[in-house]
There are 2 protein chains.
Amino acid sequence: MPTPTSDAIEPLKVACASCNLRELCLPVGLNASELSKLDDLVTKRRSVSRGDHLFRNGERFESLYAVRTGFFKTCVNSEDGRDQVTGFQMAGELLGLDGISSDHHHCDAVALEDSSVCVIQYAQLEELSREFTVLQHSFHKIMSREIVRDHGVMLLLGNMRAEERLAAFLLNLTQRLQARGFSASSLVLRMTREEIGSYLGLKLETVSRTFSKFQEDGLMEVKQRQLRILDQAGLQALVNNSRC
Amino acid sequence: MPTPTSDAIEPLKVACASCNLRELCLPVGLNASELSKLDDLVTKRRSVSRGDHLFRNGERFESLYAVRTGFFKTCVNSEDGRDQVTGFQMAGELLGLDGISSDHHHCDAVALEDSSVCVIQYAQLEELSREFTVLQHSFHKIMSREIVRDHGVMLLLGNMRAEERLAAFLLNLTQRLQARGFSASSLVLRMTREEIGSYLGLKLETVSRTFSKFQEDGLMEVKQRQLRILDQAGLQALVNNSRC
DNA sequence: CGACCACTTGACGCTCATCAACTAGAGTGG
DNA sequence: CCACTCTAGTTGATGAGCGTCAAGTGGTCG
């Protein structure tokens, strides 16, 4: 149950121009004057406590959200109660793109730790991107990148075996963390085995077993959610060599 | 092997305004004057023979393609030679959205029957969509719809069993055919069992077996690629009731 | 300290992949 | 027109991989 207090809207001015995520987020490539225009659009910040929803499937779509701090998962659910995690989002990544299609969200977005997001009014974003070619183009690129990413997940779900899936997942995660200035080898998972399993099309027991196997094989150290990659090349080899 | 002659560029004028796909394709919601502007943009048509590529992974991205007639598949391939069909496209559907992310295509698009497409210069589309709000919005909706569709496939690949996957696939296919004025019950597959399997994360033998089982169960008639749906509700029930 | 939840590990069985043999239909050439 | 070939599809036998069920461990929080 989400507590209403956790979704407090902060009226604080958030300056994209001074945000350290501006090279990862929507503002990529904008010049100073364009950035200041973008700031007029991103006027609200919102805090979401761990476990709470940023938005839910079926809710009216009005805004995109850029993760400022924290960590999210998105998941779709079928009528008969099946649940599929479609992605994990960290700082600088955009949430809510699915909502554009029908003015309603098609998935749930849940904070996996206490998080804060920048609220981007979608109507205003469309307006501003008619004015600034660069913004328009980079928004399109972000949507397209999401499509490419999803196709990669389809490849993973359709073709790979459990070990390959988990290895690919870990490499993707560490790569994104590294792009944000974190260590490429040491990380703390924000999600449960079950959530990883849901994303990868596996059961939590299989995820757990595969972690144990990676540890036995000297590829990594696993202490609950504390991970240390010992052999990145080894993980990469697992992903690439389907038959070995 | 693609024959060079099959990719002939036809300089024919293609009028979106008079195209019978305008309610399914990019022009949705545009008025007469906007439609005529769009026509200035969509100046080329291209024919692609069965088996030939419309574009390939790695090629420079310059245009989107709207399927005018025919049928396509798109597939991604990993470094180690794995192949995953990411979608099947029919009349009115857009191809190439993945290319926007990096100015290069990230998948192959192959015609499954002799086909023709409208060539949409992407740079011009961006330009025009800065001018026409409606076009901008409907383009965004198309991209978002692609994301939503991909999430649906992820749910299918991550959670469903073979019968459920095939049933969901068939229902999706007939629904799209019906939207184009074809029968909801009788159809001819344009793709092989292997291509269906690749899309659904199954092997061709499993697809074949599952078709046979559906036939035994009286859900449909299967004669090679000629299908007839006998019990649509039965297929729907398969998709919805994961435990029966 | 006790309760709870995430996680681990083992035993077993189902689903689907794999391998293989066979059939049907389409295209080819004598 | 018939044999020949090629590809797509069907069907059977077998087993690997992962799901399921169950018991147990460890860390966390009230």
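All of these numbers come straight from a predicted model, not from anything done at the bench. In what follows, chains are A, B, ... by sequence order, proteins preceding strands, each numbered from 1.
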- Looking only at atom types and distance, does a side-chain atom of A/Arg193 sit under 3.5 Å from a main-chain N or O of A/Leu204, one as donor and one as acceptor? no

- Query: A/Glu194 side chain to A/Lys203 main-chain N or O, any donor-acceptor pair under 3.5 Å?
  - Reply: no

- Message: Can you give me the bend angle of the helix from C/dC1-D/dG30 to C/dG30-D/dC1? Use the axis through the first five pairs and the one through the last five, nearest 10 degrees.
- Response: 30°

- Per-nt protein contacts along nucleotides 9-18 of chain D (heavy atom under 4.0 Å; B base, S backbone sugar-phosphate only, - none) come out as SBBBB----S

- Task: Please check if the side chain of A/Ser115 supplies one atom and the backbone of A/Phe71 the other of a donor-acceptor pair under 3.5 Å.
- Result: yes

- Query: Of all residues at least two apart in sequence or in a different chain, which pass the ring pair (Phe, Tyr, Trp, His ring centres under 6.0 Å) check with A/His106?
  - Reply: none

- Message: Any side-chain to backbone donor/acceptor pair from A/Asp114 onto A/Arg50? Under 3.5 Å, distance only.
- Response: yes

- Query: How about B/Gln215: does its CD atom have over 12 heavy atoms from other parts shown lying under 6.0 Å from it?
  - Reply: yes

- Separation of atom NZ in A/Lys213 from atom P in C/dC7, rounded to whole Å: 21 Å

- Task: Kindly determine whether A/Glu164 and A/Arg161 satisfy salt bridge (Lys or Arg N to Asp or Glu O under 4.0 Å), including the steps that lead there.
- Result: CA-CA 5 Å; A/Glu164 300 166 351; A/Arg161 284 172 306 101; 3.4 Å; yes

- Message: Walk me through whether A/Arg180 and A/Glu93 qualify under salt bridge (Lys or Arg N to Asp or Glu O under 4.0 Å).
- Response: CA-CA 11 Å; A/Arg180 282 154 185 81; A/Glu93 296 177 334; 3.5 Å; yes

- Using whole Å, report how far CD of A/Gln215 lies from P of C/dT8. 9 Å

- Item | Whole-Å gap separating C1' (C/dC14) and CD (B/Glu164) | 14 Å

